[in-house]
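Here is the structure we will look at, set down as structure tokens.
Nothing here was measured: the structure is a model prediction, and the numbers come from that model. Worth knowing before you read on, the calculation uses all heavy atoms, side chains too, and leaves out hydrogens, waters and symmetry mates.
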Amino acid sequence: MTLNATDLKAFLDEKVILYNKPDFIESDPIQIPHSFTQKEDIEIAGFLSATIAWGNRKMIINNARKMMELMGNTPYDFVMEHKEHHLEALDGFVHRTFNGVDFSTFIKAIQHIYTNHNGLEAVLNKNIQNNSLQNSISVFKKTFFEIEHQQRTQKHISDPLKGSAAKRINMFLRWMVRKDNTGVDFGIWESISPSALSCPLDVHSGNVARKLGILNRKQNDAKALAELDVALREMDSNDPVKYDFALFGLGVFEKF
């Protein structure tokens with residue numbers, strides 16, 4: 001499908017309006033943080049839900065809900081107040097390759113971030129370079145794993161500086177940072193500009209972007225993300241990742 005720049009923007013803007021609305025929440029993992037009202041609960045529920053957001057969407061949502069239940073549906077309190085024996089309840093948790101060991105480590109690492117680094121937002125807003133959060137994500141990963149952990153758990157946070165498109169953490173950042181008039185994204189992290197966000201690049205958004213001619217690179221990696229960033233920022237420099245709704249909606253709901 002080849003459209004000139006003006007028509008392409010108009011086409012995608014229309015799709016953003018179609019998909020960036022409350023109905024979207026019902027079939028998306030973003031519904032998990034939407035069941036909380038306190039900032040820290042939303043952050044932690046969002047972070048954990050995004051961490052396991054790969055595979056079947058129904059399974060992601062069910063397992064993310066199970067994570068919340070295992071924390072007594074009070075994620076921030078559980079993270080900050082838990083004792084070692086409370087983590088035994090997480091032993092049986094499994095979502096694909098994310099298991100109980102990983103879950104317990106994440107609880108301890110999140111506690112470390114809030115106790116010693118002033119919270120998730122404070123760490124992620126620190127190392128923004130060239131109006132991009134990809135360097136911040138890389139530093140965040142190092143900070144997250146300052147605690148004792150098994151090597152296996154590191155794979156559950158991607159490092160964009162090692163070539164990853166870091167889809168899940170970019171999605172989490174979209175949820176927290178993007179200011180949304182329709183009540184889908186939260187926009188509770190006001191210290192970070194939505195202009196610095198990158199699209200959560202996955203199979204669907206990547207394939208649609210290629211069909212539309214805004215992405216040429218074949219792999220869904222950090223280089224592809226940088227290429228897509230440029231194209232989306234040309235269409236809307238203030239809110240480039242609103243187009244995630246269009247690309248994802250076209251791929252998943254319209255089989256474009």
Side-chain angles (χ1 to χ4, degrees), residues 3 5-50 53 57 60-61 64 68 75-76 119-122 124-125 128 131-134 136-137 166-202 204-205 208-209 212 214 225 228-254 256:
L3 295 168
T6 311
D7 290 346
L8 178 62
K9 178 172 161 47
F11 173 69
L12 289 175
D13 282 343
E14 215 172 275
K15 296 297 178 185
V16 172
I17 292 163
L18 180 63
Y19 293 114
N20 185 188
K21 56 186 188 191
D23 302 1
F24 181 85
I25 297 170
E26 292 161 25
S27 62
D28 195 79
I30 199 171
Q31 67 180 258
I32 304 300
H34 267 291
S35 50
F36 299 98
T37 50
Q38 187 189 345
K39 180 181 188 269
E40 292 81 4
D41 282 336
I42 292 168
E43 290 169 354
I44 294 167
F47 181 68
L48 290 170
S49 302
R57 292 173 88 212
I60 294 163
I61 292 163
M68 298 308 117
Y76 181 62
L120 291 164
E121 179 180 5
L124 280 156
N125 75 15
I128 298 169
N131 200 35
S132 166
L133 279 147
Q134 302 316 293
S136 285
I137 294 170
K167 173 226 154 175
R168 286 167 286 163
I169 199 156
N170 279 313
M171 181 174 75
F172 167 66
L173 285 162
R174 193 204 87 203
W175 294 352
M176 296 300 113
V177 172
R178 187 173 170 267
K179 291 173 179 50
D180 183 330
N181 302 323
T182 63
V184 181
D185 291 328
F186 293 92
I188 54 175
W189 285 9
E190 295 183 357
S191 65
I192 301 174
S193 167
S195 66
L197 294 170
S198 292
C199 189
L201 177 60
D202 66 3
H204 305 292
S205 52
V208 172
L212 292 170
I214 53 175
L225 188 68
L228 187 59
D229 276 351
V230 171
L232 299 184
R233 286 166 191 202
E234 276 172 8
M235 288 192 272
D236 189 336
S237 59
N238 296 320
D239 187 16
V241 301
K242 72 180 186 188
Y243 293 111
D244 182 35
F245 287 97
L247 299 175
F248 185 80
L250 281 163
V252 171
F253 302 122
E254 299 188 34
F256 179 80

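- Counting heavy atoms from C-beta on, the side chains of Ile44 and Phe36 never come closer than 4.5 Å.
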From CA spacing to verdict: side chain to side chain contact (heavy atoms under 4.5 Å, CB included), Leu18, Phe253: CA-CA 11 Å; Leu18 180 63; Phe253 302 122; over 6 Å; no

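- Residues Met176 and Ile192 form no side-chain contact, since every pair of their non-hydrogen atoms from C-beta on lies 4.5 Å or further apart.
- Taking the side chain as every heavy atom from C-beta outward, Asn170 and Ile137 approach each other to under 4.5 Å.
- Each of Lys21, Lys242, Arg174 was evaluated against Asp185; a single residue qualifies, Arg174, per the salt bridge (charged side-chain N to carboxylate O under 4.0 Å, His left out) test.
- Atom CD of Glu14 has 12 or fewer neighbouring heavy atoms from other residues, nucleotides or ligands inside a 6.0 Å radius.
- Arg233 approaches Asn131 most closely through the heavy-atom pair NH1-O, 3.0 Å.
- In terms of heavy-atom proximity, Pro29 sits nearest to Ile60 at CG-CG2, 3.8 Å.
- Looking at Phe186 and Asp180, their side chains never come closer than 4.5 Å, going by heavy atoms from C-beta outward.
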Trace of the side chain to side chain contact (heavy atoms under 4.5 Å, CB included) decision for Glu190 with Lys179: CA-CA 9 Å; Glu190 295 183 357; Lys179 291 173 179 50; 4.1 Å; yes

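- For the ring-ring contact (aromatic ring centres under 6.0 Å, His included) test with Phe24, the passing option among Tyr19, Trp175, Phe245 is Phe245; the others fail.
- Using modelled atom types, no side-chain atom of Ser49 and backbone atom of Gly46 make a donor-acceptor pair closer than 3.5 Å.
- Inter-residue side-chain proximity for Glu121 and Ser191 is flagged as met; some heavy-atom pair is nearer than 4.5 Å.
- Summarising the geometry, atom CG belonging to Leu197 is positioned 9.0 Å from atom CD1 belonging to Ile128; distances are rounded to the nearest 0.5 Å.
- Side-chain contact between Asp236 and Asp13 is absent, with no heavy atoms from C-beta onward closer than 4.5 Å.
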CA sep, side-chain torsions, deciding dist, call: Leu201, Lys167, side chain to side chain contact (heavy atoms under 4.5 Å, CB included): CA-CA 5 Å; Leu201 177 60; Lys167 173 226 154 175; 5.6 Å; no

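- Phe248 pairs with exactly one of His204, Lys15, Met171 by the side-chain contact (heavy atoms from CB on, under 4.5 Å) rule, that one being His204.
- Across Ala246 and Leu12, no two heavy atoms sit closer than the pair CB-O, 3.7 Å.
- There is no side-chain donor-acceptor pair under 3.5 Å between Ser205 and Asp244.
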Check against side chain to side chain contact (heavy atoms under 4.5 Å, CB included), Ile214 and Tyr243: CA-CA 12 Å; Ile214 53 175; Tyr243 293 111; over 6 Å; no

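- Closest approach of Cys199 and Leu225 over heavy atoms only: O-CD1, 3.0 Å.
- Nearest heavy atom pair, residue Gln134 against residue Ala166, reads OE1-CB, 4.4 Å.
- Note: Leu133 CG to Asn125 CG = 9.0 Å, rounded to the nearest 0.5 Å.
- The shortest heavy-atom contact between Ala209 and Leu228 is CB-CD1, 3.9 Å.
- Under the side-chain contact (heavy atoms from CB on, under 4.5 Å) rule, Phe172 has a single partner from Ile30, Leu48, Leu124, which is Leu124.
- Crowding of Asp7 atom CG: a count of heavy atoms from other residues, nucleotides or ligands under 6.0 Å exceeding 12.
- Asn20 and Thr182 share a side-chain donor-acceptor pair at under 3.5 Å.
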